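A short worksheet on the structure shown next.
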Amino acid sequence: MRFVDMIERKAEGLALSSEEIRFMVDGYVSGAIPDYQMSAMTMAIMLKGMSDVETAQLTMAMMESGDTVDLSDLPGIKVDKHSTGGVGDTTTLVVAPLVAACGGTVAKMSGRGLGHTGGTLDKIESVPGASVEIPLEEFKDIVRRNGVAVIGQTAKLVPADKKIYALRDVTATVRSIPLIASSIMSKKLASGADAIVLDVKVGSGAFMRTLPEAKKLASLMVSIGELTGRRVRALITDMNQPLGMAVGNALEVREAIQLLNGDIPEDDPLYRVCLLLGIHMLMLADLAESEEEAAAKLKAAIHDGSGLRHLKKMFELQHGDASYIDPQKINQLLKVNKLIEVPAETSGYVTAMNAEKIGTAAQLLGAGRATKEDQIDHAVGLVMKVRCGSYIKEGEPLCTMYVNDETRLAESIRMFREGIEISSFPKKVPPMVYEVITRENI
Ligand code: URA
Ligand code: CA
């Protein structure tokens, strides 16, 4: 088998066999296939695509490139969620403890933020002492005691994805549906959950910019999951503006606490997406028979404080100072040198946002990384004062920036302003949730 022949066939739009796909993944992980050949292959895949069968085979070969986590000794149906990445997307810190409070088992492995998107691990680490590097047995023990724990992926989980993703990142081959589907699903399947609710983002701040692309990605991931015996559903939700109002690490932890404390109204977009994720997680875990029953359980876990108690306990068991998981005390983690309001330059309606630019503005303040080696300042970021559809008067604040290092402040403000469109006439506000993709409706 010569890899160059495989590249040539893929470049002509032909399908690879399952043996060839395995040869490619194993060869690239072992070093037998060099970066330059794999770059040509990922570009050919990006331009010519892969069939659903090829994508499923690629996912399996990637999953089997490293360790897989066995959660079978934990009680009940293990349920996970995954977002394809967004801005102000604080859903894990809300919905994982809520589902645990409703009797669910959530043993979750998350990622770090890169570029304009935030990562749950960085948010967790904004609480002093909190660890996301916990040995597997201790992780499972925390889940047994509290129903929920969130840690980083172990080094040996899907090494093929680590290597292929790093290559895609620098060869403009990230935005390919089969490559994204296999990257996400190989990691989800390897981390051991029985049931997975995917949150596929669509819009200016997401990998998928159009609804048909997002639907294709969502359906493909649901099919791959179901093929391997997992229960999988996907929501398609909007990422044309930040989901929550907070963009930053400790800022997003505060917003999660506020939501779990009942301080955020039910029509708020973050609330709505969290509730919907929770509904489908409870249903897949056989903890509710209808959407109405699931919603009632989740709302009860907000009202009686049990969701917030599970979040607090999770931080305590993950070695953090859980006293900060409190609507007042969390503010102590948000002490910065300066609070800067960014005023609107004209009066009008907020008709569009670019979530990528808003995420990048927060990253420039130090809330995110441009490269994997960058240090994060957990206290900085921004809090939105407007949403799409808001009316704003000239001089009123569009956001409040939490600032320590002012080196890139001017650039951040410029980037933020570019991310907000203000017009004299209102435009239709994009919906928050477009669709729910299940095995039945693919
Ligand atoms: N998230 C992933 O884990 N992989 C991708 O390819 C894109 C988003
Ligand atoms: Ca992420």
Side-chain angles (χ1 to χ4, degrees), residues 21 24-25 28-29 38-39 41-47 49-50 54-56 58-63 65-66 68-69 80-87 89 91-92 108-122 132 150-193 196-210 213-222 224-225 232 234-237 239 243 355-356 359 368-369 372:
I21 288 171
M24 167 174 86
V25 171
Y28 188 53
V29 171
M38 193 61 182
S39 311
M41 179 59 101
T42 52
M43 186 55 83
I45 293 172
M46 161 117 165
L47 296 175
M50 272 186 147
E54 284 178 286
T55 308
L58 176 60
T59 306
M60 294 308 137
M62 287 172 69
M63 178 185 89
S65 69
T68 51
V69 179
D80 196 354
K81 66 149 288 252
H82 180 85
S83 154
T84 59
V87 178
D89 182 359
T91 51
T92 293
K108 183 158 172 52
M109 294 191 174
S110 279
R112 293 197 182 271
L114 191 63
H116 70 280
T117 68
T120 302
L121 301 184
D122 301 316
V132 294
V150 180
I151 61 167
Q153 282 156 14
T154 59
K156 291 186 209 131
L157 197 89
V158 197
D161 181 62
K162 290 203 176 71
K163 216 173 160 185
I164 297 171
Y165 195 89
L167 188 74
R168 287 166 58 208
D169 204 24
V170 293
T171 54
T173 50
V174 168
R175 215 180 286 263
S176 147
I177 290 175
L179 294 179
I180 294 176
S182 54
S183 165
I184 291 176
M185 290 309 290
S186 61
K187 288 176 287 192
K188 286 289 114 180
L189 299 177
S191 30
I196 303 153
V197 179
L198 300 163
D199 182 5
V200 176
K201 304 288 188 188
V202 60
S204 60
F207 289 119
M208 297 294 110
R209 296 286 158 83
T210 68
E213 281 180 311
K215 274 178 78 163
K216 169 72 191 154
L217 177 63
S219 309
L220 188 54
M221 292 195 292
V222 171
I224 292 170
V232 188
L235 314 182
I236 299 180
T237 67
M239 191 38 68
L243 180 55
E356 179 169 4
R369 300 179 185 80
K372 282 202 175 74

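No experiment lies behind these values; they were computed from the predicted model shown. Start at 1 and go down the list; that is how both ligands and their atoms are numbered.
Judged purely by atom type and a 3.5 angstrom limit, Lys163 uses its side chain to pair as donor or acceptor with the backbone of Tyr28. Between the Ser204 side chain and the Ala355 main chain, a donor and an acceptor come within less than 3.5 Å of each other.
The atoms of ligand 1 that sit less than 4.0 Å from any heavy atom of Ser183 are 2 (C), 3 (O), 4 (N), 5 (C), 6 (O). Listed by atom number, the atoms of ligand 1 under 4.0 Å from Arg168 heavy atoms are 6 (O).
Under a 4.0 Å heavy-atom criterion, Ile184 is in contact with ligand 1.
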Legend entry - Candidate pair Leu58 and Met24, rule side chain to side chain contact (heavy atoms under 4.5 Å, CB included), full reasoning: CA-CA 9 Å; Leu58 176 60; Met24 167 174 86; 3.8 Å; yes
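Side chains of Lys201 and Ser83: no donor on one and acceptor on the other come within 3.5 Å.
Annotation: Lys187 places an N or O atom under 3.5 Å from an N or O atom of ligand 1; distance criterion only.
Atom NZ of Lys187 sits in a crowded spot, with more than 12 heavy atoms from other residues, nucleotides or ligands closer than 6.0 Å.
Nearest protein neighbour of atom 7 (C) of ligand 1, counting heavy atoms only, is Phe207 CE1, 3.6 Å.
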